[in-house]
Amino acid sequence: MKIYDISRELQNGMPVWPGDTSFQYEVSWSKEESGSVNVGRLELSTHTGTHVDAPFHFDDHGKRIIELDLNLYIGPARVIDMTNKESIGAADLKEIHLDGVERVLFRTLAWVNPSEFPEKIPHLEPDLGQYLAEKGIRLIGVDVPSVDPIDSKELAAHHSLNENGIHILESVFLDEVEPGDYELIALPLPLVAGDGSPVRAILRSLHQ
Ligand SMILES: N[C@@H](CC(=O)c1ccccc1NC=O)C(=O)O
Ligand SMILES: [Zn+2]
Ligand SMILES: [Zn+2]
């Protein structure tokens, strides 16, 4: 079955949230030194590239990464066209069928140059949490680095989704994926105290 890799590549110099830890991979113990192997070390933010947020990211009492239900991150998902929008609210979804869908990915295509961090992104409206929860949605994914505006401090969309039991997947890469139905796999690392975790996110076609 065809696999679409919707993960952003992790490499030195890749864009990160303004002011956050830059991504660094280096061979810290080379084959020459060790006599047998290359061993790397990583330095990175938990919100690097394609990643999930744990509620602890924006709520001191919220769940950590290890506590998240892995069922959220494996299963049928619908990719929805959300191009050319300043923001996405309940009104934007009125015409869109979501019955029986537990996972939605919004394809905004607003992150035009993947080698630079976007200055402005379409954000989610705070009315979306309740609306999506009523439809039975449990996971929402976006192809931009946040569900709130980059300069937001209140993080209204993060809170609205969390209060309605909807989990967040950010910075997926959907440029090469047509809207439609797929199987999603995007598992977080077993970070016991984590507020977020990079994931390897893929979509699989449902049919041959
Ligand atoms: N909310 C963003 C990340 C975020 O806000 C952030 C990430 C790293 C360093 C600082 C951040 N926000 C600071 O206000 C996210 O969920 O990925
Ligand atoms: Zn995040
Ligand atoms: Zn977030």
Side-chain angles (χ1 to χ4, degrees), residues 6-24 42-70 72-73 77 82 85-89 103-108 110-111 113-130 132-133 137-174 184 186-201:
I6 57 165
S7 321
R8 291 179 192 267
E9 290 182 348
L10 301 173
Q11 58 186 325
N12 295 356
M14 69 179 288
V16 299
W17 194 274
D20 202 4
T21 310
S22 44
F23 176 90
Q24 203 195 338
L42 288 168
E43 184 175 29
L44 75 168
S45 161
T46 47
H47 299 266
T48 303
T50 308
H51 70 278
V52 300
D53 288 353
F56 175 64
H57 176 47
F58 43 87
D59 173 359
D60 283 338
H61 303 289
K63 283 190 178 171
R64 310 291 184 113
I65 288 287
I66 199 78
E67 299 173 275
L68 301 177
D69 180 1
L70 294 181
L72 292 163
Y73 305 102
M82 281 288 151
K85 294 198 186 285
E86 280 262 317
S87 72
I88 300 164
R103 301 170 194 79
V104 284
L105 304 179
F106 289 159
R107 185 179 189 250
T108 74
W111 188 344
N113 179 357
S115 65
E116 278 174 25
F117 199 84
E119 271 173 29
K120 200 170 182 308
I121 58 173
H123 61 274
L124 307 191
E125 299 288 348
D127 66 354
L128 217 48
Q130 193 186 344
L132 292 176
I137 303 292
R138 301 182 60 216
L139 178 81
I140 182 160
V142 290
D143 60 356
V144 289
S146 184
V147 294
D148 276 294
I150 304 285
D151 59 1
S152 168
K153 290 292 172 207
E154 299 91 68
L155 301 180
H158 281 83
H159 286 284
S160 148
L161 294 168
N162 185 43
E163 281 158 18
N164 288 282
I166 299 170
H167 289 73
I168 301 169
L169 169 63
E170 292 171 326
S171 290
V172 290
F173 180 74
L174 295 175
L184 170 75
L187 294 169
L189 300 172
L191 296 171
V192 171
D195 63 291
S197 172
V199 296
R200 185 68 179 265

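Whatever order the structure lists them in is the order used to number ligands and atoms, beginning at 1. In what follows, residues are counted from 1 in the order of the sequence shown.
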Enquirer: Do me a favour and list the nearest non-hydrogen protein atom to atom 1 (N) of ligand 1 with residue, atom name and distance?
Expert: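 Of the protein heavy atoms, H57 NE2, 3.2 Å lies nearest.
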Enquirer: Could you check K63, R64, H47 and say which one makes a side-chain hydrogen bond (donor to acceptor under 3.5 Å, both in side chains) with D195?
Expert: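 Only match with D195 under side-chain hydrogen bond (donor to acceptor under 3.5 Å, both in side chains): H47.
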Enquirer: Measuring from the heavy atoms of S45, does anything fall under 4.0 Å of ligand 1?
Expert: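 Distance cut 4.0 Å: S45 fails for ligand 1.
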Enquirer: Is the side chain of W111 donor-acceptor paired with the backbone N or O of E116 at a distance under 3.5 Å, no angle test?
Expert: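 A pair under 3.5 Å: yes.
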Enquirer: Closer than 4.0 Å to some heavy atom of H51 - which atoms of ligand 1 meet that?
Expert: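 Matching atoms, with element in brackets: 17 (O).
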Enquirer: Polar contacts were defined as any N/O atom of the residue lying under 3.5 Å from an N/O atom of the ligand; does this apply to D53 and ligand 1?
Expert: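 Yes.
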Enquirer: Verify, without hydrogens or angle tests, whether S146 (side chain) and P149 (backbone) share a donor-acceptor contact under 3.5 angstrom.
Expert: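 Not a single qualifying donor-acceptor pair exists.
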Enquirer: For A186 and A201, work out which heavy atoms get closest and say how close.
Expert: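 For A186 versus A201, the nearest heavy atoms are CB-CB, 3.8 Å.
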Enquirer: Looking at H51, which of its N, O or S atoms is the nearest one to the Zn ion (ligand 2)?
Expert: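 For H51, the N, O or S atom at the smallest distance from the Zn ion (ligand 2) is NE2.
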Enquirer: Does the side chain of T108 come within less than 4.5 Å of I88's, by heavy atoms?
Expert: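 I88 reaches T108 side chain to side chain.
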Enquirer: Among all protein heavy atoms in this structure, tell me which lies nearest to atom 8 (C) of ligand 1, with the distance rounded to 0.1 Å.
Expert: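 The answer is D20 OD2, 3.1 Å.
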Enquirer: What protein heavy atom is closest to atom 17 (O) of ligand 1, reported as residue, atom name and distance in Å?
Expert: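 Here the closest protein heavy atom is E170 OE1, 2.9 Å.
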Enquirer: May I ask you to check if ligand 1 and K153 share an N or O to N or O distance below 3.5 Å?
Expert: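 N/O-N/O distance under 3.5 Å: yes.
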Enquirer: Has R8 got its NZ or CZ under 6.0 Å from the middle of the six-membered ring of F173, at an angle within 45 degrees of the ring axis?
Expert: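 Judged by the rule (NZ or CZ under 6.0 Å from the ring centre, within 45° of its axis), R8 is not positioned above F173.
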Enquirer: Has the side chain of D148 got a donor or acceptor atom that lies under 3.5 Å from a matching backbone atom of A157?
Expert: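 Flag set: sc D148 to bb A157 pair under 3.5 Å.
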Enquirer: In the structure I gave you, are the side-chain heavy atoms of W17 and I150 within less than 4.5 Å of one another anywhere?
Expert: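 Yes, close enough: below the 4.5 Å cut-off.
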Enquirer: Nearest protein heavy-atom contact for atom 12 (N) of ligand 1: which residue, which atom, what distance?
Expert: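 Of every protein heavy atom, W17 NE1, 3.5 Å lies nearest to atom 12 (N) of ligand 1.
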Enquirer: State whether the side chain of S171 and the backbone N or O of D143 hold a donor-acceptor pair below 3.5 Å, judged by distance alone.
Expert: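 Side chain of S171 to backbone of D143, a donor-acceptor pair under 3.5 Å: no, none is there.
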Enquirer: Should you measure from each heavy atom of H158, which atoms of ligand 1 turn up under 4.0 Å away?
Expert: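 Checking each atom against H158, I get 1 (N), 16 (O).
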Enquirer: Mind counting the protein N, O or S atoms sitting less than 2.8 Å from the Zn ion (ligand 3)?
Expert: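 Number of qualifying protein atoms: 4.
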Enquirer: Check whether R103 reaches the backbone of L72 with its side chain - one donor and one acceptor, N or O, closer than 3.5 Å.
Expert: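 Yes: the side chain of R103 pairs with the backbone of L72.
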Enquirer: Mind listing the closest non-hydrogen atom pair of V52 and P188 along with its distance?
Expert: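 Distance-wise, the nearest heavy atoms are CG2-CB, 3.7 Å.
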Enquirer: If the cut-off is 4.0 Å to any non-hydrogen atom of P145, which atoms of ligand 1 fall inside it?
Expert: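 Within the 4.0 Å cut-off of P145, ligand 1 contributes 15 (C), 17 (O).
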